[in-house]
**Student:** 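I'd like to ask some things about the structure below.
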Amino acid sequence: LLVMVMLLLWTPWFWARWRKQETDKVMASCYRDSFIIVLLLHPTISGEAFSFFRCRTIEGTTYLMADYSLQCYGGDWGAFLVLVAAVVIFFSLGAPIMIARTLHKRSKDLEKEEVRELLGVLYYLYRKECYWYEAVNMVFKLMLWSALVFFEHGSEMQLATAMVVNVIQLVAHVHFRPFGGKEAWLMNLLQLCALVL
């Protein structure tokens, strides 16, 4: 949120206020840049938020693996829980939902120049019928992060969960064929097969 606000304040929008066309162009550029930043930061911020739930029991006491001076499920941990839960709900889960909803509302206008300039970074890699696939990719990344966090490191359950998520992602890729070109589809297929292996 802070990065988006900084982008809006940094742009020449304030200086081009009197020129409507220039303002619309600058605002579209700000929205596009904000979406790019969200796409880049989403896995990292979500992973950091999920790591708050990654605890390890040592001699009967459960410690946060990111900071062994903090005991899990205790007073200090509970104080941070509200902030972490807000990040998980509103950013980690909210971003893919908001992206899918926004693209669905504009699905009939995705070929228009102004929509493509504003939202194209979210759907332009994919076939026209799979405009929503970026939100699906974000959810798969969240599921992989959760496999790392909610199961013991190196346990059979962690590996099995990661395997199931990768297989589901591979099946979705084969079924929906989200990329337009044959080469892009094949490269992504090979990448997903490598992940499964």
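For clarity, every value in this text was computed on a predicted model and none was experimentally measured.
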**Student:** Output the distance between atom CD1 (I36) and atom CG (L41), rounded to the nearest 0.5 Å.
**Tutor:**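 That separation rounds to 11.5 Å.
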**Student:** Answer yes if L83 and L93 sit in the same cluster of Ile, Leu, Val, Met, Phe, Trp and Tyr residues linked by side chain heavy atoms under 4.5 Å apart, and no otherwise.
**Tutor:** no
**Student:** Atom CG of L122 and atom CD1 of I99: how far apart are they, to the nearest 0.5 Å?
**Tutor:** 5.0 Å
**Student:** Please lay out, stage by stage, how Y131 and Y126 fare under the test ring-ring contact (aromatic ring centres under 6.0 Å, His included).
**Tutor:** CA-CA 6 Å; Y131 63 88; Y126 306 107; over 10 Å; no
**Student:** Are the side chains of Y63 and R56 in contact, using a 4.5 Å heavy-atom criterion?
**Tutor:**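 No - every pair of side-chain heavy atoms lies 4.5 Å or more apart.
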**Student:** How many angstroms lie between atom CD of Q71 and atom OG1 of T61, to the nearest 0.5 angstrom?
**Tutor:**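 So the CD of Q71 and the OG1 of T61 are separated by 5.5 Å.
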**Student:** Is there a donor-acceptor pair closer than 3.5 Å between any side-chain N or O of S155 and the backbone N or O of F151?
**Tutor:**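 Side chain of S155 to backbone of F151: no pair is present.
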**Student:** So Y133 and R127, do their side chains get closer than 4.5 Å, heavy atoms only?
**Tutor:** no
**Student:** Ring centres under 6.0 Å, that's the criterion: do W77 and F52 meet it?
**Tutor:** yes
**Student:** Salt bridge or not for D109 and R106, using N-O below 4.0 Å?
**Tutor:**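 No, no charged N to carboxylate O under 4.0 Å.
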**Student:** Return yes if some donor-acceptor pair links the side-chain N/O of H173 with the main-chain N/O of N188 below 3.5 Å, else return no.
**Tutor:** no
**Student:** Rounded to the nearest 0.5 Å, what's the gap from CG on D76 to CG on D67? Could you check?
**Tutor:** 10.0 Å
**Student:** So, does R54 use its side chain to make a donor-acceptor pair with the main chain of M65 at under 3.5 Å?
**Tutor:** no
**Student:** If we only count heavy atoms from C-beta on, is the F140 to I168 side-chain gap below 4.5 Å?
**Tutor:** yes
**Student:** Taking all atoms of both residues into account, what is the closest heavy-atom pair of A184 and F179, and its distance?
**Tutor:**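 Scanning both residues, the minimum pair turns out to be CB-CB, 3.9 Å.
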**Student:** Distance check, rounded to the nearest 0.5 Å: C55 atom SG versus L64 atom CG?
**Tutor:**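 Reported value, rounded in 0.5 Å steps: 5.5 Å.
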**Student:** Working to the nearest 0.5 Å, report the span between CD of E152 and CE of M157.
**Tutor:**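 Separation between the atoms: 13.0 Å.
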**Student:** Is there a donor-acceptor contact under 3.5 Å from the side chain of W145 to the main chain of P43?
**Tutor:** yes
